[in-house]
There are 2 protein chains.
Amino acid sequence: MDEQVPRDFETLRATILDRRESLPKRIAQIAAYALDNPDDIAFGTAASIAASAGVQPSTLIRFAQQLGFDGFTSLQQVFRERLRERNSSYDERLQALRAKAEGGAGHRAIFDGFVAAASTSLNDISRTLDDANLEEAIALLAKAQTIYVLAKRRSYPVATYIAYALGKLKIRNQLIESAAGLNAEMVSFATPADAVIAISFSPYAPATIEEARAISEQGVPIVAITDSSFSPLAQFARVWFEVAEADFAGFRSLSATMALAMALTVGVGEKRRDAGRRRKA
Amino acid sequence: MDEQVPRDFETLRATILDRRESLPKRIAQIAAYALDNPDDIAFGTAASIAASAGVQPSTLIRFAQQLGFDGFTSLQQVFRERLRERNSSYDERLQALRAKAEGGAGHRAIFDGFVAAASTSLNDISRTLDDANLEEAIALLAKAQTIYVLAKRRSYPVATYIAYALGKLKIRNQLIESAAGLNAEMVSFATPADAVIAISFSPYAPATIEEARAISEQGVPIVAITDSSFSPLAQFARVWFEVAEADFAGFRSLSATMALAMALTVGVGEKRRDAGRRRKA
DNA sequence: GCCAATATGAAATAATAATTCCAATCCATA
DNA sequence: TATGGATTGGAATTATTATTTCATATTGGC
């Protein structure tokens, strides 16, 4: 018996490619289809796959048998296993990272912990972000004459990134910060024709809250990124996003907030470009 | 009919979690199993899944029906679809999202793009980061009297985050930035007993390079985070990290750099604490 | 503690899908 | 171009799997 049944996808693939030349026409046809559409093989029924590949179900079974399987079903297992492994790798790796980080095995573990926290946060936010909310925020910001950016302490890096990106997109913006302690004055220039992006997480920096309150009392609409509906920022905001960042070693990730911030920024850029184009036309 | 059938996995998951409380015991049991072992649902037969979850096949079908599906088979489709999608690698997904965003597919696509870019970057860096390099950098920084942080433009948010974290850890640090244009003077205070974290990506901000050169000429050791071995920063650095961030819509992610920055920061914090403890003992 | 409504288990049934079989066709070779 | 073997198509058969049904158990309200 020189027939070694390929148990994993890569071996199977190699075997098929190897024999390609010597396969009968219809078998070759289904072989090509299998390598091109492995997902279909994993999920389809013999009949549906055969139809998609343009052959008879029986041919599909002969193909499987020629490879040493005892039928289509066992061939299909290989294709399913492949999907399973590919898919689990990500979650499992995250799990492993977290476990290793918990175990405290040197500095690599710290790094892994931050990577895991960031990944988790990204997963969470892409699950929970509300599309309508995003549209509303972008629409609001796109109308603004000047976009003010307000964030301190832990959220400050996000603010600087937003300011950088807005600048690159040639969107007028003002980061509310001042070495000279002129924040209050800066805030007082904002009008209802402007808008604010405010970012703050618990424990909320008092200055951020205070400035957000002042600016909202002037009628300037606020888009807030914060961590719960109890956040004082949420009550001043016209639109607000709840972002739950995972933490590690006492520091919360910023990855989800960053992704959202970029989406807002670039979204505003696009919306303005579209509006401009429409006006010209 | 108020029954909205969840067509995608996330919606389904949310629906299940939402109703969790009100589900009968066995149904709840299979619901929990489904969320814990989605792969098994995708590939198993009703009988095999029911057995693994410790319920009857009929319960599984009732579960599906309660969610608004017309049977187990249509519920299973959702789990299969999830595998299909998840399976496409991050790179492929990023590619697809880019195309989608180009085509003007709404703002959600932009957001998804940034999330995908961040995830890709995190994947890459956790694959490529060299442990020894990390140890060396942390050892070097832990010895420093003052840690100077140097980064402009796109990398500036990372610098502010490092400065924030170092501050929280009570590690003396100095962000090299000055509204008054006194960077050169600031740099001149650094001595070989200090250290620098410098971050710069192509196109390298000339000021960063210039200051890095000046500071290295004073014998101050530099830990650099940059994007290639050809980076001018790499040549001034005692230790350097190559970080390849994925980009989307013209903006590169910062997630990998952030994770590395946090690992460095917290690593230094730990190393100092350990050293302090040893000295006391 | 009893009743009705609801939930569960187990087996029967229906549906679906894989496999087999055989006749028809194709192809290489003499 | 005739012949044997290999290949293929399509329907029949068999196996597997989902679903339904109904008897039994459990639960919650009075």
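Proteins come first, then strands; the chains are lettered A, B, ... in the order of their sequence lines, and each starts at number 1.
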How does protein contact run along nucleotides 15-30 of chain D, one letter per nucleotide 5' to 3', with B for base contact, S for sugar-phosphate only, - for none, heavy atoms under 4.0 Å?
--SSBBB---------

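Residues that satisfy the side-chain contact (heavy atoms from CB on, under 4.5 Å) test with A:P38, not counting sequence neighbours, are A:F9, A:F79, A:R82. Listed by chain and residue number, A:L150, A:K152, A:I176, A:N183, A:V187, A:A207 satisfy the side-chain contact (heavy atoms from CB on, under 4.5 Å) test with A:E211 (two or more places apart in sequence, or in another chain). Partners of B:D131 according to the salt bridge (Lys or Arg N to Asp or Glu O under 4.0 Å) rule, which considers only residues two or more places apart in sequence or in another chain, are A:R108.
On the nucleic acid side, DNA chain C has its first and last nucleotide under 4.0 Å of a heavy atom of chain B at C:dA7 to C:dA10, going 5' to 3'.
Using a 4.0 Å heavy-atom criterion, one finds that A:I27 contacts the sugar-phosphate atoms exclusively.
Remark: side-chain polar atoms of A:S52 are paired, donor with acceptor, to backbone N or O of A:S48 under 3.5 angstrom. Side chain of A:R213 to main chain of A:P232: no donor-acceptor pair is present (N/O by atom type, distance under 3.5 Å, no hydrogens or angles). A donor-acceptor pair under 3.5 Å is formed between the side chain of B:T120 and the backbone N or O of B:A116. Proximity of a side-chain donor or acceptor of A:T226 to a complementary backbone N or O of A:S200 within less than 3.5 Å is detected. In this structure, the side chain of B:R252 does not engage the main chain of B:D247 through any donor-acceptor pair within 3.5 Å.
In this structure, the ring of A:F43 has its center less than 6.0 angstrom from the ring center of B:F43.
For the pair A:T59 and D:dG9, the criterion of a side-chain N or O lying under 4.0 Å from OP1 or OP2 is met.
Here B:R84 pairs with A:D40 in a salt bridge; the nearest charged N to carboxylate O distance falls below 4.0 Å.
Each end of the helix from C:dG1-D:dC30 to C:dA30-D:dT1 gets its own axis, taken as the rotation carrying the C1' atoms of four end pairs onto the next four within a five-pair window, and the two axes meet at 30° to the nearest 10 degrees.
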